[in-house]
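Just so we're clear, the structure is a prediction, and the values are computed from it rather than from any experiment.
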Amino acid sequence: GALMSRQQPTRRTPMFSAGPEDFEAVWRTFSGAQRTLGATPGARDEWHRGRARYAVWIFRVDGAEVLARLGRAREALAPWIDPMPDREAHITVAVAGFPAAAPVFDDDIAEERLENALSELRADPPPAPALEIGGLTSFLSCPVLEVYDPAAGLAALRARLGQYHPEVRFTPYLPHVTAGLYAGQPAAPIAEAIAPLRALPRLTMRPSALELV
């Protein structure tokens with residue numbers, strides 16, 4: 001079906017489809033780490049620079065099987081994470097930036113440009129990509145479920161969104177579903193808890209809507 005609904009940074013990131021080797025690299029990094037990363041005091045305020053709203057294109061995760069896997073991950077990591085509730089489970093498709101009537105900073109996005117993108121996407125909705133949800137892995141800041149894009153539908157959608165506005169990111173794009181956030185703990189026991197949930201069969205997911213939130 002078609003989609004559309006509303007609700008030192010690197011600039012343009014490649015529109016690639018994530019593969020097993022990308023997530024293996026993430027796991028190697030986490031497995032070799034001493035500690036997880038927690039929130040840095042003052043970092044959020046420094047990033048926002050007084051701006052209240054940040055715009056992101058997302059797919060909500062609402063399938064029973066995927067939510068059950070997410071719950072299993074939260075349960076396994078309960079001693080170490082601030083869990084992500086089911087109602088907030090999502091896949092980030094692309095970041096738009098801080099909406100502004102008159103953009104000033106490199107990560108501002110003109111409100112008019114966002115409205116134009118919404119209008120064009122509603123008039124010509126993109127097809128829903130066929131995604132696959134894999135096992136659990138972890139960035140240094142958060143544990144995540146792996147997301148795969150075997151038919152490159154997500155990559156095509158990101159390329160289309162990139163025509164409406166350049167994407168300003170802090171890290172390369174790798175699709176995932178966040179299970180929770182760390183607070184800065186020893187990484188070894190967390191890696192041990194994640195290991196049994198690494199190689200799980202992939203679950204299919206076809207998003208019902210692309211949302212701007």
Side-chain angles (χ1 to χ4, degrees), residues 3 9-10 13-31 33 36-39 54 56-63 65-77 80-96 128-159 161-162 167-183 187 190-191 193-211 213:
L3 302 169
T10 28
T13 55
M15 304 298 179
F16 71 97
S17 298
E21 66 281 0
D22 300 300
F23 286 110
E24 283 302 321
V26 167
W27 180 242
R28 285 196 302 271
T29 297
F30 187 81
S31 299
T36 64
L37 298 178
Y54 189 62
V56 186
W57 301 94
I58 69 166
F59 294 142
R60 292 195 190 276
V61 174
D62 53 12
E65 286 186 312
V66 179
L67 289 176
R69 180 166 295 183
L70 195 61
R72 185 178 172 189
R74 290 193 303 253
E75 183 178 355
L77 300 176
W80 302 286
I81 63 170
D82 179 15
M84 179 75 72
D86 283 353
R87 66 180 180 277
E88 296 181 17
H90 67 276
I91 299 166
T92 295
V93 177
V95 299
L131 303 178
E132 295 180 347
I133 310 299
L136 189 63
T137 190
S138 188
F139 300 119
L140 293 177
S141 58
C142 58
V144 301
L145 295 180
E146 301 171 351
V147 175
Y148 294 94
D149 180 30
L154 176 57
L157 178 56
R158 280 177 48 76
L161 291 172
E167 186 177 45
V168 178
R169 300 187 57 85
F170 295 95
T171 59
Y173 179 73
L174 194 61
H176 60 273
V177 182
T178 300
L181 299 175
Y182 297 129
I190 300 175
I194 290 174
L197 302 179
R198 291 277 299 123
L200 297 176
R202 295 188 189 182
L203 304 173
T204 58
M205 174 181 164
R206 191 175 288 273
S208 59
L210 172 67
E211 298 184 45
V213 298

Exercise. Roughly how far, to the nearest 0.5 Å, is CE of Met84 from OG1 of Thr178?
Worked result: 5.0 Å

Exercise. Once you round to the nearest 0.5 Å, how far does CG of Asp22 lie from CG of Leu174?
Worked result: 5.5 Å

Problem set entry | Check: His176 ring centre within less than 6.0 Å of Phe23 ring centre | no

Exercise. If you look only at pairs with a residue in residues 193-203, which of them pass as a salt bridge (charged side-chain N to carboxylate O under 4.0 Å, His left out), with sequence neighbours excluded?
Worked result: Glu24-Arg198, Glu132-Arg202, Glu146-Arg198

Seminar exercise, completed: Closest non-hydrogen atoms of Arg206 and Ala128, given as atom of the first, atom of the second and distance, are NH1-O, 2.6 Å

Exercise. What is the minimum heavy-atom distance between Ala33 and Ala187, and which atoms define it?
Worked result: O-CB, 3.6 Å

For this session: Show the numbers, then the answer: is there a salt bridge (charged side-chain N to carboxylate O under 4.0 Å, His left out) between Arg74 and Asp82?
Result: CA-CA 9 Å; Arg74 290 193 303 253; Asp82 179 15; over 6 Å; no

Exercise. Got Ser141 and Leu181 here, is their nearest side-chain heavy-atom distance under 4.5 Å?
Worked result: no

Problem set entry | Check: Leu154 main-chain N/O paired with Asp149 side-chain donor or acceptor under 3.5 Å | yes

Seminar exercise, completed: All heavy atoms of Ala94 vs all of Val56, minimum pair found to be O-CG1, 3.5 Å

Exercise. Does the side-chain contact (heavy atoms from CB on, under 4.5 Å) test come out yes or no for Arg158 and Glu167, once each step is laid out?
Worked result: CA-CA 9 Å; Arg158 280 177 48 76; Glu167 186 177 45; 2.9 Å; yes

Exercise. How about Thr171 and Phe139: do any of their side-chain heavy atoms sit closer than 4.5 Å?
Worked result: no

Problem set entry | For Ala73 against Leu197, the heavy-atom pair lying closest together | CA-CD1, 4.1 Å

Exercise. Can you find a heavy atom in the side chain of His90 that is under 4.5 Å from one in the side chain of Phe59?
Worked result: no

For this session: For Arg60 and Glu88, run salt bridge (charged side-chain N to carboxylate O under 4.0 Å, His left out): C-alpha distance rounded to whole Å, both residues' side-chain angles, the deciding distance at 0.1 Å, then the answer.
Result: CA-CA 8 Å; Arg60 292 195 190 276; Glu88 296 181 17; over 6 Å; no

Problem set entry | Sidechain-backbone polar pair: Tyr54 side chain, Val213 backbone, donor-acceptor under 3.5 Å | no

Problem set entry | Counterpart residues, side chain to side chain donor-acceptor pair (under 3.5 Å), relative to Ser138 (two or more places apart) | Tyr182

Exercise. Which atom pair, heavy atoms only, marks the closest approach of Pro196 to Ala193?
Worked result: CD-O, 3.3 Å

For this session: State, yes or no, whether a side-chain contact exists between Ile194 and Thr137 at a heavy-atom distance under 4.5 Å.
Result: no

Exercise. Is there a side-chain contact between Pro207 and Leu131 (heavy atoms, below 4.5 Å)?
Worked result: yes

For this session: Would you check if the side chain of Glu211 reaches a backbone N or O of Ile58 as a donor-acceptor pair within less than 3.5 Å?
Result: no

Seminar exercise, completed: Given the options Leu145, Val61, Val66, Ile91 meets side-chain contact (heavy atoms from CB on, under 4.5 Å) only with Val61

Exercise. Between Gly180 and Cys142, which heavy-atom pair has the shortest distance, and what is it?
Worked result: O-CB, 3.0 Å

For this session: Could you check Ile133 against Tyr148 for side-chain contact (heavy atoms from CB on, under 4.5 Å), going step by step and ending with a plain yes or no?
Result: CA-CA 6 Å; Ile133 310 299; Tyr148 294 94; over 6 Å; no

For this session: Quick one: pull up CD1 in Ile190 and CG in Leu140 and give me the separation to the nearest 0.5 Å.
Result: 10.0 Å

For this session: Start with the C-alpha distance between Leu161 and Trp57, add both sets of side-chain angles, then the distance that settles side-chain contact (heavy atoms from CB on, under 4.5 Å), and finish with yes or no.
Result: CA-CA 9 Å; Leu161 291 172; Trp57 301 94; 3.8 Å; yes

Problem set entry | Leu136 side chain near Val144 side chain, heavy-atom distance below 4.5 Å | no

For this session: Check whether any side-chain heavy atom of Pro143 lies under 4.5 Å from a side-chain heavy atom of Phe30, and answer yes or no.
Result: no

